[in-house]
2 protein chains.
Amino acid sequence: MASPDTRAQILDAAERLFAERGFRGTSIRAITDLAGVNLAAVGYHFGSKAELLTAVARRVVEPINAAQRAGLDRLLARTPDPAVADLVAAFAGPLFDEMPAGDEQGARTSRLIVTILGDPAEEMRSWTGPAEDAVRDRYLAAFGRALPGLSAGELRFRLRGILAVTAMDRVEVYQRQVPGCSSPVAGEAARRWAITFLAAAMSAPSTEA
Amino acid sequence: MASPDTRAQILDAAERLFAERGFRGTSIRAITDLAGVNLAAVGYHFGSKAELLTAVARRVVEPINAAQRAGLDRLLARTPDPAVADLVAAFAGPLFDEMPAGDEQGARTSRLIVTILGDPAEEMRSWTGPAEDAVRDRYLAAFGRALPGLSAGELRFRLRGILAVTAMDRVEVYQRQVPGCSSPVAGEAARRWAITFLAAAMSAPSTEA
DNA sequence: GTCTATAGAACGATAGAC
DNA sequence: GTCTATCGTTCTATAGAC
């Protein structure tokens, strides 16, 4: 059979299983079984299980990153100094767009991201590239202009807060419950709730006051 | 030797290794080696690796939960309707107190919580008890009185946001980098930044506006 | 490119001596 | 309670036929 086909089958199966069971909880056998391909195909097409994870992660991250970049471009074309709420929507929105609420695939993608972020293993740390760094830095600069009182450190802390809230919260759509907190969130409401919550958080006055 | 001693050695070693390598990434052998006890001791004292995780998690969670409870009691003794910022400080504060900034043990505890929250495996979901649910419900009620415009759903969403920000952000103190965002946070600053950020977020007007 | 077969190394759990 | 020894399983990775 055509090689691109086998490759794609493996990527699809791996994305699903890594999200559902984590990296270490997923065996190459489980992936190739679900993909309907031979066990040795992973080694042939990707080299190793860790490199397969990298390929899966990059396929997920790239469209999100591109949408964040495009959103910022759109804002900056309108005005050189966008409002905080618009910046939050442009940054957090793609995390919802690329993981449609109610859609099983979207919830799974969400789960995958948290699984990767939360895993302490070193293999999970090498899948962001210069494209992600560049977009993050552009948002930091834009937020910095909109919030002139904030130190660079506090600004970075807050941007990371956006990621934390969007990533952790979307988990429950796919998974029954995160301990210490409560029930699943109704689809599209989460997106609006998150923007409200995060726009207020980002707009808070500097702590050094 | 005395059994309580062996038990404690195992708990200490397991807490450290689960935080550093995750549940599946940690073998019983690695735990007993670090603890300086025999391989079979885990089976004898805890039954299985999964039950050991439960014991580790409960030992970490209980003092945090107790401090959250005491903090709310203290607020309510002063006034029946505490301010949002005070509620945020009482809820999020213990997450910092029990994981002192700059302290290696504190950062590790932080990492352990994220590791457990982020792991999709079912074994990681059975360690919260009625005590945690009760404290969460009391905070929900108090926040509900302070923010009368919010639906129960949005309120729960926001409380979960507090956990997301405190847990995810403290990770970087221990670990070099979380992709998509940036550099480590300076010790005690994180606590004040988090309270500022979260108090503003919690105080946001209802989304249904 | 796809497959079979297997090497080689871990793993969790436990039986049974002390 | 502590130990040794080991069973049975599962894993990743790869060699080599087709």
Side-chain angles (χ1 to χ4, degrees), chain A residues 1-57 59 112 115-116 119-127, chain B residues 1-57 59 112 115-116 119-127:
Chain A
M1 294 298 167
S3 161
D5 214 67
T6 295
R7 246 189 91 94
Q9 298 278 356
I10 292 173
L11 281 171
D12 288 343
E15 183 175 320
R16 165 174 233 134
L17 292 176
F18 285 154
E20 285 177 358
R21 313 180 188 175
F23 178 70
R24 292 200 131 106
T26 303
S27 67
I28 293 182
R29 285 166 154 83
I31 294 168
T32 52
D33 283 358
L34 179 63
V37 303
N38 187 269
L39 171 63
V42 165
Y44 179 79
H45 287 282
F46 298 94
S48 69
K49 188 184 168 187
E51 288 167 289
L52 171 58
L53 171 71
T54 300
V56 167
R59 195 177 63 155
L112 176 67
T115 294
I116 293 176
D119 198 305
E122 201 54 45
E123 295 117 304
M124 321 292 268
R125 297 294 133 216
S126 52
W127 54 275
Chain B
M1 294 297 168
S3 160
D5 214 67
T6 295
R7 247 189 90 95
Q9 298 278 356
I10 293 173
L11 282 172
D12 288 343
E15 183 176 320
R16 167 175 231 134
L17 292 177
F18 285 154
E20 285 177 357
R21 313 180 188 175
F23 178 69
R24 292 198 129 107
T26 304
S27 68
I28 294 183
R29 285 170 163 81
I31 294 168
T32 51
D33 281 0
L34 179 61
V37 304
N38 188 270
L39 170 63
V42 165
Y44 179 79
H45 286 282
F46 297 95
S48 70
K49 189 184 168 187
E51 289 168 288
L52 170 58
L53 171 72
T54 301
V56 167
R59 194 177 65 154
L112 176 67
T115 295
I116 292 177
D119 198 305
E122 202 54 45
E123 295 119 304
M124 320 292 268
R125 297 294 135 220
S126 53
W127 53 276

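Note: hydrogens, waters and symmetry copies are ignored here, and every other heavy atom, side chains too, is used. Given the structure is predicted, the values throughout are model-derived calculations rather than measurements. Just so it is clear: chains get the letters A, B, ... in the order the sequence lines come, proteins before strands, and each one is counted from 1.
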Hey, are the side chains of Asn38(A) and Tyr44(A) touching, using non-hydrogen atoms and a 4.5 Å cut-off? no
So, do Trp127(A) and Val56(A) sit near enough that their side-chain heavy atoms are less than 4.5 Å apart? no
Atom pair distance, as rounded to whole Å: [atom1] in [X] and [atom2] in [N]:
| X | N | atom1 | atom2 | value |
| --- | --- | --- | --- | --- |
| Ile10(B) | dA13(C) | CD1 | P | 13 Å |
| Asp33(A) | dT10(D) | CG | C1' | 13 Å |
| Arg24(A) | dT10(D) | CZ | C1' | 15 Å |
| Leu53(A) | dA13(D) | CG | P | 12 Å |
| Gln9(B) | dT2(D) | CD | C1' | 15 Å |
| Ile28(A) | dT14(D) | CD1 | P | 10 Å |

Please give me every residue in residues 34-49 of chain A whose heavy atoms get under 4.0 Å of an atom in DNA chain C, ordered by residue number. Asn38(A), Ala40(A), Tyr44(A), His45(A)
Side-chain N or O of Thr6(A) versus OP1/OP2 of dG1(C): is the shortest distance under 4.0 Å? no
Closest approach of [X] and [Y], non-hydrogen atoms and distance?
| X | Y | result |
| --- | --- | --- |
| Val42(B) | Thr32(B) | CG2-CG2, 3.7 Å |
| Thr26(A) | Leu17(A) | OG1-O, 3.1 Å |
| Ala35(B) | Gln9(B) | CB-O, 3.5 Å |
| Lys49(A) | Phe18(A) | CE-CE2, 4.3 Å |

When all nucleic acid strands are considered with a 4.0 Å heavy-atom cut-off, which category describes Thr26(A): base, sugar-phosphate, or nothing? sugar-phosphate
